[in-house]
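Computed from a prediction, not measured in an experiment: that's the story for all the values here. For ligands, and for the atoms within them, numbers begin at 1 and follow the listed sequence. Residue numbers count from 1 along this sequence.
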Amino acid sequence: MTLARSDGAGVVRYYNVLVEGRSFLDDVLAGLAAPRKAIPAKYFYDWRGSKLFEAICELPEYYPTRTEIAIMQRHVDEIVRVLGRDTQLVEYGSGASVKTRLLIERARPSLYVPIDISEQQLRNASTELAQLFPWLNINAVVADFTRPLKLPEFVGVPIRRKAVYFPGSTIGNFTPDEAREFMKGVHGLIGTGGMLVIGVDLKKDKSVLDAAYDDSRGVTAEFNLNLLARINRELGGDFQVKRFRHKAFYDPAKGWVEMHLESLYQQLVHVAGRRFEFMPGETIHTEISCKYTVTEFQDLARGARFHPEQVWTDPANLFAVHALMAV
Ligand code: AVI
């Protein structure tokens, strides 16, 4: 555990509970060797990928971010009423976002625990929050929340209830089965009586979803293709990025958006001394983004022993924020 304080700001305690598991290299080599090539979406977020994702959130076609913010702004007092006071508020994601600030300002948690895999992002966001809210106790945890997680024991603050805030519809980047398992993990973390406030993108017209994931300015394409550039930078790969194209579409039967990187030619690529062949039209599957109706998500939550307490949506029914209680 390390401590940091900057002038006029609160103290931030940092913990690192990253467990050595499969590395970026392991996952890329295994993913490219598979009969249907795939690389986990969590590897989008190097420094450049995170900047591109911020740019996606500002795009006219990418409605989720601004819609979720509007829901939070309109309903924050009701959300805080459901959460209660003196909570230990855990956030999946390093969160110095508008949504997080709003929730912290109104809920005034006894302890705020942001969790992120990127230590740099966690430090930047926590420093910013400590300056904004000098009264706030921050225990920041470096961890991979896509894997089972056990938090360190935090001491010295009165906690009436544990709550998790998981905004951004990041839950959609898991398959429904993975999402249920993940939520069981959250249940274990907060215990019976704990609350989960989670942003979930709603099912909607295919044309809206196709545009949201294949925007006219090509920012999402750049975000997806940056994965190949990252492999070149960090793993000594020799992808010729221009020989691939971004492909994204909503599959109504599956209820999710799929993103792929499609090879435009027959070509050979090397990563860390291994050789991979691509046929024209062959793809690397890079992401799914599941969309749920309110009832579908509530059913999924029940499967992880969560009781739906309340749900807030926007007038156009684009996005939902669910409050769920662990039972
Ligand atoms: C982070 N996640 C919720 C985004 C999504 O909408 O699934 C990632 C993203 N991929 C393309 N655009 C945005």
Handout entry: Trace of the salt bridge (Lys or Arg N to Asp or Glu O under 4.0 Å) decision for R74 with D314
Key = CA-CA 9 Å; R74 185 182 286 197; D314 56 295; over 6 Å; no

Practice task
Flag the pair R123 and E128 as a salt bridge only when some basic side-chain nitrogen lies within less than 4.0 angstrom of an acidic carboxylate oxygen.
Solution key: no

Fill in the blank from the handout: Chain-and-number sorted residues having a heavy-atom contact under 4.0 Å with ligand 1 are Y45, F53, I56, Y62, G168, S169, T170, N173, Y213, T220, F223, M259, E287, S289

Practice task
Please state whether the rings of F145 and F166 are parallel, tilted or perpendicular, taking 30° and 60° as the class boundaries.
Solution key: perpendicular

Practice task
Hey, can you tell me if Y292 and F297 have their rings parallel, tilted or perpendicular (30° and 60° cut-offs)?
Solution key: perpendicular

Problem - Heavy-atom check, side chain of H322 versus side chain of V197, under 4.5 Å - result: no

Handout entry: S118 versus Y45, side-chain donor and acceptor atoms under 3.5 Å
Key = no

